[in-house]
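Each remark here refers to the structure printed beneath this line.
Note that this is a predicted model, so its numbers are computed, not measured. In what follows, every heavy atom counts, from backbone to side chain, and hydrogens, waters and symmetry copies are set aside.
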Amino acid sequence: MPRPPLDGLIDDLYHLEGAAPYAWLTLPPAPNALLVLNLGAPFRIRASDDVEMAEYADGCVLTTPTRAVEFSYPPQTRSVGVHFKPWGLAPFLPMPAAELCDRPVTVEQVWGRRAVAELRDRLTTANGPHEMLALLEAELMRRLREISGLGLVRHTSGVIAANSGAVTIGDLSTSAGVSSTHLAQRFKALIGVTPKRLARTYRFTSTVFAINPAEPIDWSAVAGTAGYFDQAHFGHEFRAFTGLTPTRYIEVRQRFLRENPGHALDGWPLPAD
């Protein structure tokens, strides 16, 4: 966990090293942004069905997504990364987050080739994971900058998160003392998505994370508790976010648990091969 003020922007810094559980993993949309500095062989990303696979040698940056992303790690992978809160990546970007929505870019495209090469060199020669994460945290502290509207977006996003997405945009804009148009513009610039889309993502992920794939599931009760119109509406959201039906999602989750017990990537990623 980073120290203040980064802790208000970042969920965690992480080090990942070892064998990937599957040739391809699907990462469904979640209310987070991601920065990865790759220190091993290149990995590949396919952002959507209509986008060709791309190779990333230095790493990648992803703003809060609206569509699933597919990752293909090399047989042995090594990287450090940052899980940002939805608004947390904005102070480190030279462009509006909306320009990167559902369009992963390399870290070089964001921070420049020379700076990224120097940082990767320092990380590669660091004395273990803890020193690597300290170096990454120091780099983030150095790059942190003030950004207009961040307080508004952070506060409003916090309200959305606290209510698991069960909020109305009118109530959010009234509470914030701004128009819904202004709020949407600030969200698009700093997060890349509108408040309505972020609320939808929070609602879906909070619902799915509460499901235990090892136990029987009453899908109608799950949908009702989460505030969906009906089970069909919930099923539509499931396919939109994961590409799977609810029952198929559970089968895939159970497969991961069965074939890779205790694996570090067990959680939100899903086998895609």
Side-chain angles (χ1 to χ4, degrees), residues 1-2 4-12 27-35 61-69 82-93 96-103 144 146-211 222-230 233-242 246 249 267-269:
M1 299 297 295
L6 292 179
D7 60 341
L9 303 169
I10 292 170
D11 284 329
D12 61 72
L27 187 66
N32 298 100
L34 178 66
L35 183 148
V61 175
L62 295 90
T63 58
T64 302
T66 69
R67 299 195 295 266
V69 175
V82 187
H83 290 118
F84 289 95
K85 298 178 188 298
W87 60 87
L89 182 59
F92 306 96
L93 292 177
E99 293 184 10
L100 304 183
C101 185
D102 295 322
R103 188 173 68 88
L144 182 60
E146 295 289 334
I147 188 164
S148 175
L150 184 62
L152 169 66
V153 171
R154 176 177 173 175
H155 171 76
T156 308
S157 298
V159 174
I160 294 172
N163 290 276
S164 299
V167 293
T168 66
I169 306 308
D171 287 344
L172 289 174
S173 57
T174 299
S175 176
V178 298
S179 70
S180 57
T181 299
H182 178 77
L183 191 63
Q185 289 173 341
R186 287 291 83 203
F187 265 68
K188 290 281 285 184
L190 303 189
I191 296 180
V193 299
T194 64
K196 183 177 181 179
R197 177 67 206 202
L198 186 66
R200 180 182 166 194
T201 304
Y202 266 113
R203 179 166 67 161
F204 181 77
T205 54
S206 63
T207 301
V208 173
F209 285 156
I211 295 172
V222 170
T225 300
Y228 290 96
F229 297 130
D230 50 32
H233 180 207
F234 184 48
H236 180 270
E237 285 291 88
F238 234 107
R239 287 187 292 273
F241 275 84
T242 69
Y249 167 83
W268 198 222

[atom1]-[atom2] distance between [X] and [Y], expressed to the nearest 0.5 angstrom:
X: Leu150; Y: Ile191; atom1: CG; atom2: CD1; value: 9.0 Å
X: Asp7; Y: Asp12; atom1: CG; atom2: CG; value: 12.5 Å
X: Ile160; Y: Lys196; atom1: CD1; atom2: NZ; value: 12.5 Å
X: Leu34; Y: Asp11; atom1: CG; atom2: CG; value: 11.0 Å
X: Leu9; Y: Phe92; atom1: CG; atom2: CZ; value: 5.5 Å
X: Gln185; Y: Ser179; atom1: CD; atom2: OG; value: 7.0 Å

Q.
Below 30° counts as parallel, above 60° as perpendicular, anything between as tilted: where do the rings of Tyr228 and His233 land?
A. perpendicular
Shortest non-hydrogen contact from [X] toward [Y]:
X: Pro31; Y: Leu198; value: CB-CD1, 4.0 Å
X: Leu89; Y: Leu62; value: CD2-O, 4.0 Å
X: Val208; Y: Trp268; value: CG1-CZ3, 3.7 Å
X: Pro65; Y: Ala30; value: CD-O, 3.5 Å
X: Leu152; Y: Thr156; value: O-OG1, 2.8 Å
X: Pro29; Y: Phe241; value: CD-O, 3.0 Å

Treating [X] as the side-chain partner and [Y] as the backbone partner, does any N or O pair qualify as donor plus acceptor under 3.5 Å?
X: Asn32; Y: His83; result: no
X: Ser175; Y: Asp171; result: no
X: Ser173; Y: Gly170; result: yes

Decide yes or no for [X] and [Y]: does some side-chain heavy atom of the first lie under 4.5 Å from some side-chain heavy atom of the second?
X: Glu237; Y: Arg200; answer: yes
X: Leu93; Y: Thr63; answer: yes
X: Leu144; Y: Pro5; answer: yes

Q: Identify whether NZ of Lys or CZ of Arg in Arg197 sits under 6.0 Å from the centre of the six-membered ring of Phe204 and within 45° of that ring's axis.
A: no
